[in-house]
Q: 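Attaching a single structure in structure tokens format; questions to follow.
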Amino acid sequence: NKDSQILAHAKKTRLPQAILLSTGVALFIAGLQSKIVLLAIGLVSFGLILSIPNFNKLMPRDIWRAKRGLSAILACRMLATAAFLSIDSFVPLAADRIHGASATVQGFVIIGAALSWSVGSALSTRRAHIPVARSATTGFALILIGIFAVAPVLSPSWPLLATFFSWCIGGLGMGILFVPTSVAATAYADDGNEGQIGGQIHLADSLGFALMGGIGGATVAISDRTDWPLSHALGTNFLIAAVLATLGILASRGVAQRV
């Protein structure tokens, strides 16, 4: 029928946009980590030119302003995944190169966050009556606390066991935030476009992880190529994470269940 034809056309239209967006993000990340300045500028610029217009076509129009509703939910998901990865991916590196820890200890330091994430998810599932905006705000606040609590890992004298418990706070925040925002986002799906909403949630999560993985990796690469201390590079990543979590607290005011 006509509705299915329109839906099929929309899916075909989004596929090239998704390919262009992923290509642009890849070029942007490659540019950030390039040793050649002119090549880096070119790749970053071309990556942004490709990424931003296609991102705008694939996501709600008002996501940049975190407008109340689905836009705010997706903005929060992107900010949360980016902030979390800024810590979770680079704490093991700090354990390795600042503390000289073994591979087993490096993994142990962040495994607590995965466990506390599960605990947070269970808690939020049992407390479904709590407004989703409050869950999002609480989640971001815990992530922010966890970021500050884990920052001393950049000192070689700081005990890694303390870092294990500190980052559990951030994992708990992710768990409290993740489930309610997933449920709230899917509630905005109308008949026939459930896949589109699910794709937007996945895209927000993936971009948050990918962009901060690239940006964080770039700071480490600069440290490796220059006299910039690794602790300062990682500290920059932690600072970015704190800024993202703070923006998440502000954006969470627009998170709302569909009525």
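Just so it is clear, the values below take in all heavy atoms, side chains as well, and ignore hydrogens, waters and symmetry mates. Here, residue 1 is the first one in the sequence, and each next residue gets the next number.
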Q: Any non-hydrogen side-chain atom of F238 less than 4.5 Å from a side-chain atom of L154?
A: yes
Q: Nearest heavy-atom pair of V132 and P180: which atoms, and what distance?
A: CG2-O, 3.5 Å
Q: Closer than 3.5 angstrom, by distance alone: can the side chain of R77 be matched with the main-chain N or O of Q200 as a donor-acceptor pair?
A: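 A pair under 3.5 Å: no.
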Q: Looking at G24 and L50, what are the two nearest heavy atoms and their distance?
A: CA-CB, 3.8 Å
Q: Name each donor-acceptor pair under 3.5 Å that joins a side chain in residues 61-73 to protein atoms two or more places apart or in another chain, with its distance.
A:
from	atom 1	to	atom 2	distance (Å)
D62	OD1	R65	NH2	2.9
W64	NE1	N56	OD1	2.6

Q: Quick one: which of I145, D88, I169, V91 gives a side-chain contact (heavy atoms from CB on, under 4.5 Å) with V150?
A: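 Of all the options given, the one that passes is V91.
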Q: Considering only residues two or more places apart or on different chains, which pairs with a residue in residues 112-138 satisfy side chain to side chain donor-acceptor pair (under 3.5 Å)?
A: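 Only T137-S252 qualify under side chain to side chain donor-acceptor pair (under 3.5 Å).
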Q: Are L85 and I201 co-members of a hydrophobic cluster defined by side-chain heavy atoms under 4.5 Å apart?
A: yes
Q: Write down the atom of A204, the atom of T81, and the distance for their closest heavy-atom approach.
A: O-OG1, 3.9 Å
Q: Answer yes or no: is there a side-chain heavy-atom contact under 4.5 Å between M174 and I143?
A: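 In short, these two side chains touch, coming nearer than 4.5 Å.
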Q: Are L43 and L32 close enough that some pair of their side-chain heavy atoms sits under 4.5 Å apart?
A: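 Answer no - side chains too far apart.
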Q: What verdict does the side chain to side chain contact (heavy atoms under 4.5 Å, CB included) test give for F55 and L207, after you've listed the backbone C-alpha separation in whole Å, the side-chain angles of each residue and the deciding distance to 0.1 Å?
A: CA-CA 10 Å; F55 174 83; L207 281 177; 3.5 Å; yes
Q: Between I176 and V255, is there shared hydrophobic-cluster membership here, with clusters defined by ILVMFWY side-chain heavy atoms closer than 4.5 Å?
A: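 Cluster IDs for I176 and V255 differ.
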Q: Report yes if some heavy atom in the side chain of L123 is under 4.5 Å from a heavy atom in the side chain of L172; otherwise report no.
A: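 Side chain of L123 against side chain of L172, heavy atoms only: contact under 4.5 Å found.
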Q: Take S102 and T104 through the test side chain to side chain donor-acceptor pair (under 3.5 Å) and record every step on the way to the result.
A: CA-CA 5 Å; S102 66; T104 301; 4.5 Å; no
Q: For the pair S86 and N237, evaluate side chain to side chain donor-acceptor pair (under 3.5 Å) and give the outcome as yes or no after the intermediate values.
A: CA-CA 6 Å; S86 297; N237 293 346; over 6 Å; no
Q: If you define the side chain from C-beta out and look only at heavy atoms, does anything of I110 sit under 4.5 Å from I87?
A: no
Q: Taking Q33 for its side chain and A221 for its backbone only, find out whether a donor-acceptor pair lies under 3.5 Å.
A: no
Q: Between F90, F148, F84, which is the residue that forms a ring-ring contact (aromatic ring centres under 6.0 Å, His included) with W167?
A: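 When F90, F148, F84 are each tested with W167, the ring-ring contact (aromatic ring centres under 6.0 Å, His included) holds only for F84.
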Q: Do the non-hydrogen side-chain atoms of H99 and V153 ever get within less than 4.5 Å of each other?
A: yes
Q: Ignoring hydrogens, what is the shortest heavy-atom contact between A251 and L79? Give both atom names and the distance.
A: CB-CD1, 4.2 Å
Q: Within this structure, what is the CZ-CG distance for the pair F108 and L161, rounded to the nearest 0.5 Å?
A: 5.5 Å
Q: Should L115 and V119 count as side-chain neighbours, where that means a heavy-atom distance under 4.5 Å?
A: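 Side-chain contact under 4.5 Å: no.
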Q: When you look at CZ of F46, are more than 12 heavy atoms from neighbouring residues, nucleotides or ligands closer to it than 6.0 Å?
A: no
Q: Establish whether L48 and I29 are linked, either directly or via other cluster members, by ILVMFWY side-chain heavy-atom contacts under 4.5 Å.
A: yes
Q: Of the non-hydrogen atoms in I147 and A242, which two are nearest, and what is the gap between them?
A: CD1-N, 3.8 Å
Q: Side-chain heavy atoms under 4.5 angstrom apart, residues restricted to Ile, Leu, Val, Met, Phe, Trp, Tyr: same cluster for L230 and I222?
A: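 Result: no, two separate clusters.
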Q: Which value, rounded to the nearest 0.5 Å, describes the distance between H202 atom NE2 and S182 atom OG?
A: 12.5 Å
Q: Taking all atoms of both residues into account, what is the closest heavy-atom pair of V183 and T186, and its distance?
A: O-OG1, 2.9 Å
Q: Just wondering, do T219 and W228 contact through their side chains at under 4.5 Å, heavy atoms?
A: yes
Q: Between V25 and M212, is there shared hydrophobic-cluster membership here, with clusters defined by ILVMFWY side-chain heavy atoms closer than 4.5 Å?
A: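 As far as the 4.5 Å side-chain criterion goes, M212 and V25 are connected within one cluster.
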Q: Any salt bridge linking R97 with D224? Criterion: basic side-chain nitrogen under 4.0 Å from a carboxylate oxygen.
A: yes
